[in-house]
Each structure stands twice: as structure tokens, then as C-alpha cells.
Protein chains: 2
Amino acid sequence: MTCAINYAPRLRAQGLRITPQRNAILHVLHHSGGHLSPTQVFEQARKEFPGLTEPTVYRTLEDLAEKKFLLAAHVGNGKIVYELAEKQHHHLICHKCGKTVEVDHAPLDLLYHQFESSTGYKLDSSHVTFFGLCPDCQS
Amino acid sequence: MTCAINYAPRLRAQGLRITPQRNAILHVLHHSGGHLSPTQVFEQARKEFPGLTEPTVYRTLEDLAEKKFLLAAHVGNGKIVYELAEKQHHHLICHKCGKTVEVDHAPLDLLYHQFESSTGYKLDSSHVTFFGLCPDCQS
DNA sequence: TTCCTTATTGTAACTTCTTACAATAATAGA
DNA sequence: TCTATTATTGTAAGAAGTTACAATAAGGAA
Ligand SMILES: [Mn+2]
Ligand SMILES: [Mn+2]
Ligand SMILES: [Zn+2]
Ligand SMILES: [Zn+2]
């Protein structure tokens, strides 16, 4: 049923309770593998748990992202998508065709340190989106 | 009335027509100086042009941002704010208190070049938001 | 000026997202 | 197992943002 995903201990370690709603949502994101919008999560998770409602989905996605189970990435015009937080990475999106590539965080590390010393802020490992034109769309 | 703002020639140069709706919207952003949400733009611009409607505001903000008159910055959870596009810069936002500092683009330039050569994408001068904890919120 | 073209707008309906609060149910402890 | 605590949820209503399309009006040409 829950396809051997064991988020339970990590959830409990964060003080989060294990509910069928959360299971359904994590399950959907786990299986899709990719980036899902809140609406997509809602529609798919509702199949596994028919009573599920929208406020629960939005709240859960935010909570799980805050606790680092999920990664929230904005994809332009205020749209955001979620994915399972595995390795830290960032997105590079073609503003013409939408094609997205994932880039490693490493090259940003130096920059983060510069910002930290120049501003006094302590930066998160939060996701960043860069926009541009993919190779195919440059002609 | 239009407080000596002369967007007209630049607008026309981009093939955009000059309408009272656009004037009102640009006027509001010009005077506020800061970052405004679409709702704030709508409410304030409506005072100058009472017939103004929401779809027009959203469309106009997107169009003006695409043509580089405005800069669209996301501020977390899919919220975006607009400001006049003057110098290219980025934002560093405290995820606890919301305090925002603007940082220069220069230190990102090298990174952009690295990404361009490693991915083949040609990057935009689009806005990036970084999140963290401001000095006051670190204790 | 007048007419023509077409970018821009408003309308109406809809979808997505948010809020406040009362009801529920997951956990810890007896 | 039962009970108490309180995190989590659903409800109901509303706000924010989107869509498709017909009506309007800005700007160029006659
Ligand atoms: Mn990704
Ligand atoms: Mn700014
Ligand atoms: Zn492309
Ligand atoms: Zn702060």
C-alpha cells in the first residue's frame, strides 16, 4: 500500500503526526518522481484518499517543504511545483518552451558565502530558478 | 498628471500602445518606488482610472515585465511583486520576519557564464530570490 | 479628418488558493 | 486499553488569479 516508503520515523522526529492524508500526498510525490503542481498533487492524492480536501493539500505541501521533506520550486508567474527533496539542486528554465534542466548547487556555494558575509544573512539551502533560452530556442 | 514620466516613446518603440490603463499602472509603480503586489497595483491604479479591471492589471504587469519595463520578483509561496526595472539586482529575504535586502547582480555574473557553458542555455537577466535568516532573526 | 487594422480592454465565468474556526483523530501517558 | 492533549483536518466562505471571446479604441494611412 505504502510501497515501502518509510517517512514515518522522520515525520515523527520532526513532531509531525502520521495521517492518511500525508501518506497519500507523499506517496504521490514519491511515485511521480517529478515536479507536481498543488493541483496535480490534489487530484492524484484524492484517488488514494477520496476525502482529501484542497486546504489540506496546500497546508501539507507547505509544512513538508518547511521541514525539508519536499522542495518547492517556482517556475515563473507565481506558479510553484513540488518534488521530493533529495539532493540540493536548482532549475534552469527556458522561458520559451519551458524545458527545464537541473543544475548542481556546488557552484552557488561561494556566492552564498559572499552574500552571508556582505549582508549578515544566513542563507537557506532553498531552491533557486534561473530563466533563459534553451539551445533549441536560440535560433 | 503623468508627473513627467515619459514611457511613451519606449512603449511605442516596443510596439506597445499607450492607454490610460497602462499609464495608471506605470504611474502607481513609479510613485510607490517599492515592490507592489498585483492586488496593490490594482487598488491604487483604480483610483486613477476607476474603470480598471483585474484581468487588465495582470496582463499589463506581465506584458510590461516581459518588455523589461518592470521586474517581477517572487517572494515565497508563489507570491510575486513588481517594481520598476532600473538596475538589475536580486533579493535576499528573511523567511522569518520577511525583511528584504537587495544585492547586486555582479557577483552572479561568473555563475551565469558557467551555467551557460555547461548547459548551452543563454540566461536572462531575470530576478533571483534567495532566502535565509536576517541578522536580527538568528538568535 | 476619416477609415482601417489590430492591439488592448472588459465581461462573465471559472479555477486556484486562502482564511478562520469548529470537529476530528493521532499520539503520549495513565 | 482508556483518556487527555493538541496537531491536523474539513467546512464554508471568500480572495486572488485565469480564460475565452466579443467590444473598444490607439495609431497608421488615406
Ligand atoms: Mn528539480
Ligand atoms: Mn527590488
Ligand atoms: Zn526552449
Ligand atoms: Zn528576520
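Letters A, B, ... are given to chains in the order of the sequence lines, protein chains preceding strands, and every chain is numbered from 1.
- Residue B:Phe49 is classed as a sugar-phosphate contact, given heavy-atom separations below 4.0 Å to backbone atoms only.
- Taking atom CG of residue A:Asn23 and atom P of nucleotide D:dT9, one finds them 10 Å apart after rounding to whole Å.
- A:Lys79 meets the side chain to side chain contact (heavy atoms under 4.5 Å, CB included) test with A:Val75; sequence neighbours excluded.
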How does protein reach along nucleotides 22-30 of chain D, written 5' to 3' as B (base within reach of a heavy atom under 4.0 Å), S (only sugar-phosphate), or - (no contact)?
---BBSS--
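- Put simply, A:Thr56 has a side-chain N or O that comes within less than 4.0 Å of OP1 or OP2 on D:dG10.
- Residue-level contact check: A:Gly78 touches neither bases nor backbone, having no heavy atom under 4.0 Å from any strand.
- Rounded to whole Å, the distance from CZ on B:Arg46 to P on D:dA16 is 11 Å.
- A heavy-atom distance below 4.5 Å is not found between the side chains of A:Lys87 and A:Asp104.
- With the nearest nucleotide of DNA chain C identified for both B:Arg59 and B:Asn77, B:Arg59 has the one nearer the 5' end.
- Rounded to whole Å, the distance from CG on A:Leu61 to C1' on C:dT16 is 13 Å.
- Rounded to whole angstrom, the span from the CD atom of B:Glu54 across to the C1' atom of C:dA13 amounts to 13 Å.
- In this entry the distance linking CG of A:Leu11 with P of D:dT8 reads 9 Å, nearest Å.
- Among the atoms of the strands shown, only primed sugar atoms or phosphate atoms (P, OP1, OP2) are found under 4.0 Å from some heavy atom of A:Pro38.
- Judged by the 6.0 Å distance and 45° axis criteria, B:Arg46 is positioned over the aromatic ring of B:Phe42.
- The shortest distance between the side-chain N/O atoms of A:Lys79 and the OP1/OP2 oxygens of D:dG17 is not below 4.0 Å.
- Residues B:Leu84 and B:Phe69 are members of one and the same hydrophobic cluster, defined by side-chain heavy-atom contacts under 4.5 angstrom among Ile, Leu, Val, Met, Phe, Trp and Tyr.
- Atom CD in A:Gln40 sits about 14 Å away from atom C1' in C:dT15, given to the nearest Å.
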Could you check B:His35 against B:His91 for ring pair (Phe, Tyr, Trp, His ring centres under 6.0 Å), going step by step and ending with a plain yes or no?
CA-CA 11 Å; B:His35 308 121; B:His91 288 162; 4.5 Å; yes
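- Aromatic ring orientation, A:His89 versus A:His127: perpendicular (interplanar angle above 60°, classes split at 30° and 60°).
- Checking B:Tyr58 against A:Thr53, the closest nucleotide of DNA chain D that is more toward the 5' end is the one next to A:Thr53.
- Counting to the nearest Å, the P atom of D:dT8 and the NZ atom of A:Lys67 are 7 Å from each other.
- A ring-centre distance under 6.0 Å is found for A:Phe115 and B:Phe130.
- Separating the CD1 atom of B:Ile80 from the C1' atom of D:dT18 is a distance of 13 Å, rounded to the nearest angstrom.
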